[in-house]
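Excluded from the calculations below are hydrogen atoms, water molecules and symmetry mates; all remaining heavy atoms, backbone and side chain alike, are included.
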Amino acid sequence: MFEIKEMFVREFNGKPLLNEPITITTAGTYSTQPVKYSDFITYVKKTPEAIGIFRAIITDIISDGVIWKDAKKKESKGGRNKILKAEEYCTRTKFWTKKLPASMFDWLCIGNALVWPGTGIKQLKEQVAIYANEIDIPIEFKEKMINDAIEEISYSALDYRVIPWSTVSIQNNDTDITSYRQNIIGGKYRQWNANEVIHLTMMDIDGKVYSFSPALSAMNVITTLSLIKDYNGYLFENGGEPDLMFVFPEEMSESPQIESFKRMMQEKKKNINKHGHMVITGQCDIKRVNEGNKDMEFRLLAIQYVGILAFAYNMPISRIKSIIGSEVSGGGDDLSDSGYWRSISSMQKYIEDTFNETIFIPNFGVEFKFKKSYKQDEVREAQAKMFNVQVLQNMAGGLKLKPKKDYIKQVLSLEEDDVDWDEWEKLSAMDIPAPGGQSAQAPNKDLFKNETQLANDDKKRKSSSEKVNVR
């Protein structure tokens with residue numbers, strides 16, 4: 001039987017293999033981190049542009065709030081007690097205000113975030129049942145004891161802790177992740193099975209167990225932005241002056257003249273001594289080693305790099321215009337960029353599915369969905385266009401004539417696809433009902449004529465007037 005089972009697994013188990021090199025240690029078999037996350041996070045901390053982009057995305061995802069509903073009911077009503085318990089959990093753990101944003105920052109920045117949710121109801125029942133079975137009491141008392149124990153400790157057993165990803169190593173076999181191990185300085189560690197923690201992944205590429213992120217692809221951009229600020233910071237720390245070389249062709253390297261000049265330059269480096277006079281004897285040639293630009297050197301490079309980082313996350317230019325300045329143009333319409341908001345919607349769906357399946361449905365029987373104010377804006381825009389089309393119909397029916405297409409589009413701010421213009425052209429003015437089904441007196445038809453038609457009408461009127469005068 002054992003040989004048949006092994007043959008079945010070998011012949012029929014077609015699960016793909018992970019594309020991940022492994023390191024064998026005394027603690028197990030682990031995959032090697034693709035980058036040194038701690039160094040990368042250090043550069044991110046020194047790059048406020050990157051932090052600002054991540055914070056803006058997190059705000060766009062969660063700031064509109066959520067809607068709760070009973071997981072077993074289709075409508076959003078009912079299950080009020082369940083929802084209250086879920087909200088109490090979120091308040092106690094600071095789920096919305098601190099913990100979820102912290103894990104999302106790791107997720108956006110390095111593509112991975114690991115969360116320890118504490119002990120769930122299912123795990124708690126298993127642990128309490130094991131303990132109860134060891135006690136020699138009647139079964140009916142055991143069931144009551146289990147239920148009472150779960151009721152008492154379930155509230156505090158469920159938690160939410162963000163595990164620092166730079167300290168985590170992934171343990172896997174050929175096809176699956178089996179556990180996560182956290183190692184910190186001093187030799188201390190924690191290890192969890194894969195089903196005991198929540199692993200958020202951003203971009204799974206090439207069968208790797210460590211996920212990827214747009215920020216990692218822009219690693220050189222982020223590090224360069226950090227180094228640009230360091231470069232200019234050191235320039236000002238050094239007195240805000242470019243490097244100069246002083247050449248004394250008539251002096252020896254350790255002459256009293258050279259030593260005196262060194263001491264004087266050290267004093268002049270201090271800001272309090274920047275302005276004043278210097279007295280130098282003997283020949284001295286000054287050469288500029290670094291042609292530094294005092295007016296924000298590398299500014300255009302920094303602007304371009306910030307734009308690259310924003311583009312990696314589909315962020316509209318208007319969101320970062322205060323950083324990049326007037327060199328890059330972007331209008332207010334960028335805020336409604338459909339690509340960015342589709343990306344936000346996809347992220348919201350991933351967060352909803354992940355935490356509903358792992359925390360809220362198993363432990364509270366409820367699920368949440370993010371409110372989407374940008375969807376409401378789209379609905380308002382669609383309603384406004386529908387209103388404009390209605391105005392168009394009423395106007396045409398009341399006037400008993402059909403306005404020109406270009407005039408309609410300009411006055412009512414309609415797009416080409418908002419009206420079936422072919423059908424509109426087929427209609428006669430009499431086919432379009434007036435507002436309220438009542439006829440209206442047609443106003444001056446000149447309102448809908450173009451300039452050429454108006455000019456011809458003027459000629460006709462003048463000609464008629466001249467004929468009348470002749471008679």
Which distance, rounded to the nearest 0.5 Å, do you find between the [atom1] of [X] and the [atom2] of [Y]?
X: S211; Y: H199; atom1: OG; atom2: NE2; result: 6.5 Å
X: L225; Y: D230; atom1: CG; atom2: CG; result: 11.0 Å
X: I62; Y: Q348; atom1: CD1; atom2: CD; result: 10.0 Å
X: I308; Y: Y313; atom1: CD1; atom2: OH; result: 14.0 Å
X: F212; Y: I205; atom1: CZ; atom2: CD1; result: 5.5 Å
X: L216; Y: C109; atom1: CG; atom2: SG; result: 7.0 Å

Going by atom types only, do [X] and [Y] share a side-chain donor-acceptor pair under 3.5 Å?
X: Y180; Y: N193; answer: no
X: R190; Y: Q182; answer: no
X: Y160; Y: S103; answer: yes

ask   = Does R181 make a cation-pi contact with Y189 (under 6.0 Å, within 45 degrees of the axis)?
value = yes
request  = Please find out if less than 6.0 Å separates the ring center of W107 from that of F54.
outcome  = no
ask   = Would the F355 and F95 ring centres measure less than 6.0 Å apart?
value = yes
key: Atom CZ of F40 with >12 non-hydrogen neighbours under 6.0 angstrom   = yes
task = On the 0 to 90° scale, with breaks at 30° and 60°, tag the Y89-F364 ring pair as parallel, tilted or perpendicular.
result = tilted
message = What verdict does the side chain to side chain donor-acceptor pair (under 3.5 Å) test give for D60 and Y340, after you've listed the backbone C-alpha separation in whole Å, the side-chain angles of each residue and the deciding distance to 0.1 Å?
response = CA-CA 10 Å; D60 289 338; Y340 174 70; 2.3 Å; yes
Which heavy atom in [X] sits nearest to a heavy atom in [Y], and how many Å separate them?
X: K99; Y: T93; result: CG-O, 3.0 Å
X: G111; Y: S213; result: N-CB, 3.4 Å
X: L200; Y: Y350; result: CA-OH, 3.5 Å

task = For the pair K208 and D204, evaluate salt bridge (Lys or Arg N to Asp or Glu O under 4.0 Å) and give the outcome as yes or no after the intermediate values.
result = CA-CA 7 Å; K208 301 293 184 180; D204 297 324; over 6 Å; no
message = Using side-chain contact (heavy atoms from CB on, under 4.5 Å), reason through I53 and M315 one step at a time and then give a plain yes or no.
response = CA-CA 8 Å; I53 289 174; M315 178 166 284; 4.1 Å; yes
task = For side-chain contact (heavy atoms from CB on, under 4.5 Å), just list the numbers for L114 and I198, CA-CA rounded to whole Å, side-chain angles, deciding distance to a tenth of an Å, and then say yes or no.
result = CA-CA 6 Å; L114 198 63; I198 303 170; over 6 Å; no
message = Pair D159, R161 - check salt bridge (Lys or Arg N to Asp or Glu O under 4.0 Å), show working.
response = CA-CA 7 Å; D159 204 343; R161 301 289 181 93; 3.2 Å; yes
task = Please assess I303 against Y305 for the test side-chain contact (heavy atoms from CB on, under 4.5 Å), listing each intermediate value before the final yes or no.
result = CA-CA 5 Å; I303 289 172; Y305 276 13; over 6 Å; no
